[in-house]
Amino acid sequence: MSGSADTQQARAPAGRPDDVKAVPVRHPGRWVSGAIVVLVGAIVVNSVATNPRFGWGTVGHYLFSSRILDGLRVTLELTVIAMAIGIVLGVALAVMRLSPNPLVKGASSFYIWFFRGTPVLVQLLFWSFIAALYPRLSFGIPFGGPELWHGSANAVITPFVAAILGLGLNEGAYMAEIVRAGIVSVDEGQTEAAQALGMTRLRTMRRIVLPQAMRVIIPPTGNETISMLKTSSLVSVIAYPELLYSAQLIYDVNYRQIPLLVVVSIWYLVLTTILSIGQYYVERRFGRGTARELPPTPLQRLRRNLAIRHAAVEPPAASEERR
Amino acid sequence: MTESMVRAEGVHKRFGRLEVLKGISLDVRAGEVMCLLGPSGSGKSTFLRCINHLEKIDAGRLYVDGELVGYRQAGDTLHELRDGDVCRKRAEIGMVFQRFNLFPHMTVLENVTEAPVGVKGVRRADAIARAEELLARVGLQDKLRNYPAQLSGGQQQRVAIARALAMDPKLMLFDEPTSALDPELVGDVLDAMRQLAADGMTMVVVTHEIGFAREAGDTLVFMDGGVVVESGNPRDVLANPRHERTRSFLSKVL
């Protein structure tokens with residue numbers, strides 16, 4: 001801008017004659033809607049703070065009680081293990097579904113159809129009652145061959161195993177579709193370039209296609225993880241003491257249902273918030289190479305905003321911002 | 001015959017009902033630069049992709065360096081090669097694509113070292129040294145740590161050339177390497193290719209760059225409708241095309 005011979009620009013520092021100084025349009029609607037939000041907020045806060053039945057004292061008492069924290073640990077374990085099973089299974093099922101072999105492809109489609117088509121609650125109950133269906137589990141050569149190992153289903157499929165199987169196998173079906181969408185989203189030219197360099201199919205998938213598919217796979221996987229954290233509360237129906245069931249065991253005795261459910265909700269909110277933040281950074285990591293510049297982290301954004309606010313005090317930077 | 005780097009004998013290729021190649025026969029000597037010219041849909045790119053077996057041929061025989069492409073002959077029967085063998089042969093043939101097809105999740109340096117390290121088992125340090133040398137040759141020594149999205153099209157294509165050269169190929173295939181570039185960026189890519197030709201690389205180039213074909217090419221092949229219409233010394237073919245079809249095509253592009 002500096003040193004320009006343009007007359008209009010040359011005059012600019014002295015206050016351009018055509019500077020727009022108009023009366024801004026009033027937005028009364030915005031004030032009204034804002035007032036309504038504040039009012040409703042005040043009503044909610046007031047009722048939460050003054051209703052003694054929330055039992056905030058009890059909430060505080062149980063928030064860090066060892067039984068609740070044990071339940072929290074179990075919920076985290078279930079989430080991590082079930083998601084791990086779901087992701088491994090999902091990648092395998094997705095690759096199977098893209099296989100040229102119709103039987104392999106069909107098996108994958110059947111699995112997804114079956115596990116997506118039945119409620120996970122029903123699946124959990126099925127696994128917990130599996131002993132009624134197969135009282136004795138054995139491992140060996142099928143159709144009358146020798147048996148290498150056997151045991152009672154009740155001993156093998158503990159409530160924990162039933163919970164993991166129910167959540168993990170169900171998750172695999174959903175992850176399969178997410179992974180498949182990711183793989184399909186990678187440009188075919190990438191596979192061709194990799195093949196032209198002499199890479200095998202497996203290597204192409206592992207080094208070229210999957211890392212790029214990750215960009216498409218990661219965001220919904222984060223959502224699945226957050227969703228799994230909450231879905232794991234269904235395990236309470238098979239009496240395994242994760243977070244919700246731990247709270248239920250407590251209020252079955254002291255009848256303080258509401259405060260304990262508040263405790264549970266607080267912990268779920270804390271965990272989902274942490275996971276959301278983690279998701280942001282993981283997405284950023286896998287966004288490498290797709291954008292010219294990575295989106296700033298919240299910390300970087302804060303720093304930049306402070307810098308702009310700082311600079312805005314000085315006139316040249318202020319005109320910079322107006323552009 | 002022993003001199004032939006690529007030898008095609010009556011190569012046919014069909015996509016469903018559509019016959020794209022209707023008997024292509026030609027020879028590319030070692031060290032020769034052959035340019036394939038022709039209207040779109042004439043089968044040039046398909047033929048190129050047959051040479052490194054990205055497409056399977058339906059009839060005829062195709063040899064690279066005296067060996068059948070994609071098959072093994074035992075007596076009178078052809079056996080398809082296993083995946084691993086196909087990959088080994090592809091590793092000896094470099095290919096440059098119209099749309100660059102760089103790996104966007106890897107830096108320039110990683111793009112160039114990925115295949116030497118992963119496919120040929122070159123030591124990483126050696127691969128990096130070689131990559132730096134190749135990238136310097138195409139004028140990109142200061143872009144090693146950049147991602148492809150941060151480069152211009154011309155720079156990306158030069159990285160793609162370096163990536164192919166890093167495998168020390170005995171043959172380079174170029175599939176319209178400048179067609180996706182802004183006109184002002186074409187020159188740098190053509191320069192890199194000229195230098196390669198001058199170094200004695202065997203090259204098969206599908207292109208619309210008549211100037212490149214005339215100056216750097218040893219042979220010009222004009223294709224139309226899946227057949228070779230005529231071929232010969234580029235200057236002769238461009239100055240005195242013998243066939244009406246060649247003449248009308250050249251009158252449109254020159």
Side-chain angles (χ1 to χ4, degrees), chain A residues 91 94-96 98-101 104 178-179 181-222 281-297, chain B residues 45 48-49 51-55 82-108 110-121 145-152 159-160 163-169 171-175 180:
Chain A
V91 173
V95 173
M96 282 170 71
L98 296 168
S99 153
N101 183 337
V104 171
I178 291 170
V179 174
I183 291 175
V184 170
S185 78
V186 177
D187 180 27
E188 224 171 311
Q190 293 291 310
T191 311
E192 281 189 359
Q195 286 179 340
L197 286 166
M199 291 191 204
T200 59
R201 227 174 276 214
L202 189 69
R203 193 173 176 84
T204 304
M205 182 57 79
R206 198 165 55 80
R207 295 287 300 172
I208 307 301
V209 176
L210 279 181
Q212 293 183 63
M214 287 307 248
R215 198 169 54 82
V216 176
I217 294 172
I218 289 285
T221 303
Y281 282 94
V282 174
E283 277 177 32
R284 199 167 171 278
R285 169 87 170 72
F286 283 98
R288 276 176 320 164
T290 51
R292 274 161 203 255
E293 227 179 305
L294 285 176
T297 64
Chain B
S45 291
L48 201 68
R49 294 159 56 80
I51 296 177
N52 67 354
H53 207 48
L54 283 178
E55 305 286 356
R82 292 170 166 283
D83 264 2
D85 295 324
V86 172
C87 288
R88 245 188 304 287
K89 294 206 172 171
R90 280 194 188 127
E92 301 174 343
I93 304 173
M95 185 160 189
V96 174
F97 299 85
Q98 182 178 353
R99 306 270 347 151
F100 328 137
N101 295 347
L102 291 182
F103 305 133
H105 58 302
M106 297 181 180
T107 63
V108 165
E110 288 165 350
N111 261 282
V112 181
T113 54
E114 174 65 26
V117 174
V119 177
K120 278 176 87 180
R145 315 264 165 239
N146 288 79
Y147 285 96
Q150 297 166 320
L151 305 182
S152 73
V159 174
R163 176 175 72 176
L165 290 176
M167 294 295 280
D168 294 316
L171 167 67
M172 284 282 284
L173 309 174
F174 291 85
D175 189 3

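Chain A is the first sequence line, chain B the second, and so forth, proteins listed ahead of strands; every chain is numbered from 1.
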Completion exercise
Honestly, the part of B:Phe103 sitting under 4.5 Å from a heavy atom of chain A is both
Practice task
Flag the pair B:His53 / A:Gln195 as yes when at least one side-chain heavy-atom distance between them is below 4.5 Å, and no otherwise.
Solution key: no
Problem - Test item: A:Met199 and B:Cys87 side chains (from C-beta on) under 4.5 Å apart, heavy atoms - result: no
Problem - Atom pair CD (B:Glu114) and CG (A:Leu197), whose distance is rounded to the nearest 0.5 Å - result: 9.0 Å
Problem - Heavy-atom donor-acceptor pair, B:Asn101 side chain to A:Gly189 backbone, under 3.5 Å - result: yes
Problem - Residue part contacting chain A, namely of B:Arg163, when any heavy atom lies under 4.5 Å - result: both
Handout entry: Side chain B:His105, main chain A:Arg215, donor-acceptor under 3.5 Å
Key = no
Exercise for the section: May I ask you to decide whether B:Arg99 forms a salt bridge with A:Glu188, counting only side-chain N to carboxylate O separations under 4.0 Å? Expected result: no
Exercise for the section: Could you tell me whether a side-chain N or O of A:Gln190 sits under 3.5 Å from a main-chain N or O of B:Leu102, the two making a donor and an acceptor? Expected result: yes
Problem - A:Thr200 side, atom OG1; B:Arg90 side, atom CZ - distance, nearest 0.5 Å - result: 10.5 Å
Practice task
Check the pair A:Glu192 / B:Arg49 against side chain to side chain contact (heavy atoms under 4.5 Å, CB included), numbers first and verdict last.
Solution key: CA-CA 10 Å; A:Glu192 281 189 359; B:Arg49 294 159 56 80; 2.8 Å; yes
Fill in the blank from the handout: Okay, B:Ile93 and chain A: the region with an atom under 4.5 Å from a heavy atom over there is backbone
